[in-house]
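Okay, so here's the structure we're looking at.
From a predicted model like this one, the values you see are computed outputs, not experimental measurements. Residue numbering restarts at 1 for every chain, and letters A, B, ... go by the order of the sequence lines. Worth knowing before you read on, the calculation uses all heavy atoms, side chains too, and leaves out hydrogens, waters and symmetry mates.
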Protein chains: 2
Amino acid sequence: MRTAVLALMAGLIASPAFAQSKEPILLRDMGSFHVGGRLIEITGQPVKEIVFTPGGVPAKVDPNGTYQVEQMYAQYFLVQNRKGKLPLLLWHGGGLTGATYETKPDGSPGWLNYFLRHGWDTYLSDAMERGRAGWTNTFKGDPVFLPLGDPWERFRVGPLGSWNQDKAKRVTYPGVQFPTDAYEQFMKQGVPRWVTTDDAIVAAYIELVDKVCPCVVLVHSQAGSFGFKVAEARPDKVKALIAVEPSAPGSKDKVAALKMPIVVIYGDNAKTHPRWGKIRQNVHDYVGLVRNAGGNVDTIDLPDLGIMGNTHMMMMDKNSDQVADVIQKWLAGKGLVE
Amino acid sequence: MRTAVLALMAGLIASPAFAQSKEPILLRDMGSFHVGGRLIEITGQPVKEIVFTPGGVPAKVDPNGTYQVEQMYAQYFLVQNRKGKLPLLLWHGGGLTGATYETKPDGSPGWLNYFLRHGWDTYLSDAMERGRAGWTNTFKGDPVFLPLGDPWERFRVGPLGSWNQDKAKRVTYPGVQFPTDAYEQFMKQGVPRWVTTDDAIVAAYIELVDKVCPCVVLVHSQAGSFGFKVAEARPDKVKALIAVEPSAPGSKDKVAALKMPIVVIYGDNAKTHPRWGKIRQNVHDYVGLVRNAGGNVDTIDLPDLGIMGNTHMMMMDKNSDQVADVIQKWLAGKGLVE
């Protein structure tokens, strides 16, 4: 029994999760900014009298005039002891915000803290329209709100048909790494999204890259196509691109620009899932064009490395540090770690 | 000339702004979480097929089912060398997010970094409905979007009638401390707000306080009434309340609960401004009731301390560190600093 406990402790001490919980984070600076967007004019609307707080003093608000729209938000954490050679930008997926990379739904540290503790100056952003970026009623179409069960199957916690409102009846993929007890907590991170705003999102990301890069960009899910498109537009500034389960490719007619190292990473069950199999093939076809044009793209299916059970939200999975280790090793292999 | 430069440098070294820019921030931990909210049921809606990314693979989304609504978001920064005896919670005003307290629109450090560098464990939050808290289409009424010029006068950068689209023609109060060159940058921080959601916002704040307090709560503007109401509901957990230009009071029938030290702070021109004069009087009447019930409330008009030119957004004003010094000194006076 004592030997087993000691072995367990030795394992914990060696694991990144243990290191994450104990080492302080030393920052030479931290802060935030909004970037991008544009001014638009609204005319012909009636002046409103608004009581902003019940029982408060009414204020006249003239809705006509100039409005700030389509900016994005970024928060930066600059480490005292840099080991990453370039800033690392973390871009979240659809219907989510930068909180994706912060503390995981189960309360343990996520990739933001991992990369800070590995010496990366890190920029955590909220895409145009999401989170602290703000939003306006000037976007086309209606925003999409996801019901509680939707990501359970779409993000591959369980196979199609596995969601159940009753926690005890929910089915998962075997050995799934997502912290299923924290699924409801994960769903608190959700924000509405439009499906008509990609161009404005990419425009704001380009302004972010122009402000803080050269850099490494790590993208997830919806931000996959944003990462590819911004790298196509700013190949001199995006020095490496890590695409974690990109949900769509970039522009097939612009692949010649992509000469920076790129890695595409998929979790478990991506090949066989009815929807993810198609998504993966679309991205694979795009990656083929990048390679044919002389580009340098690695594809990592985590199960091929013996890392099983990862969902679409691998930065929140129980073994997220193990997945981050794969990324850190890839970055080191590209000469991007001191 | 040399003497003048040396004198200038001596002034810089002694100033909090200089200290802020040089000292590293040492954190024993940082992270975030969502808290509060509830689940609601939506029924009778048609299933939609949504292409989330142009050119992507369509997904069927059944909008019927259970939705997570009304949660809030908090980010925490826990300092290695604590000097504040309790955690400090920073609550932003209406139409804004936690970004209020981060880097100021002119790019210099704000109150978050100030209080971290003064040894406070700090919780920066986005109220229910704002920023990373997310929002849903279940709130009553329409969201309010502010045109570019609206806060210029309403937040007392300049007097009524002083806004002009042309930067060169904008008028300010004499000696105003707001960084007027960064006004457009400030407006990028804005997010929509509803005026019907106060009860849900307060409910989420109470859950935040139940999770992380006993604590000191610092509120601004719209969060003024939230701070008073949460302190009324949790007088055992809110150990001190700093109300920076509260836009409305708490509940007059619950003042007997407020025995913790409270300070209400106003900037320049608040007494004479047509709208702020009324707001200030409403809060003053409430404070009178708190005092009559045995409560302990200080009121600070910054001009009475010789601190002139502060706007409603004093945490973004050029002398924001000077205003924070007033708060820090008040906290020390209440025995809340080691």
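- A:Ile50 touches chain B through its side chain: at least one heavy atom from C-beta onward sits under 4.5 Å away, while N, CA, C and O do not.
- Salt-bridge annotation for A:Glu102 and B:Arg132: present, with a side-chain N of the basic residue lying under 4.0 Å from a carboxylate O of the acidic one.
- At a 4.5 Å heavy-atom cutoff, the contact between A:Arg193 and chain B is made by side-chain atoms alone.
- Residues of residues 93-101 of chain A lying within less than 4.5 angstrom of chain B, judged on heavy atoms, are A:Thr97, A:Gly98, A:Ala99 in numerical order.
- The side-chain contact (heavy atoms from CB on, under 4.5 Å) test applied to B:Arg38 returns B:Ile40, B:Val69, B:Glu70, not counting sequence neighbours.
- The CD atom of A:Glu184 lies 6.5 Å from the CG atom of B:Leu39; values are rounded to the nearest 0.5 Å.
- When each of A:Arg280, A:Lys278, A:Gln281 is paired with B:Val57, the side chain to side chain contact (heavy atoms under 4.5 Å, CB included) condition holds for A:Lys278 and for no other.
- Ring pair A:Trp135/B:Trp135 is parallel by interplanar angle, where below 30° counts as parallel and above 60° as perpendicular.
- Here the straight-line distance linking atom CG of A:Leu27 with atom CG of B:Leu26 works out to 8.5 Å at 0.5 Å rounding.
- Note that CE of B:Met187 is 8.0 Å distant from CD of A:Gln68, once rounded to the nearest 0.5 Å.
- Interface residues of residues 220-227 of chain A toward chain B, defined by a heavy-atom distance below 4.5 Å and sorted by number: A:Gln222, A:Ser225.
- For B:His92, the ring-ring contact (aromatic ring centres under 6.0 Å, His included) test picks out no residue, with sequence neighbours left out.
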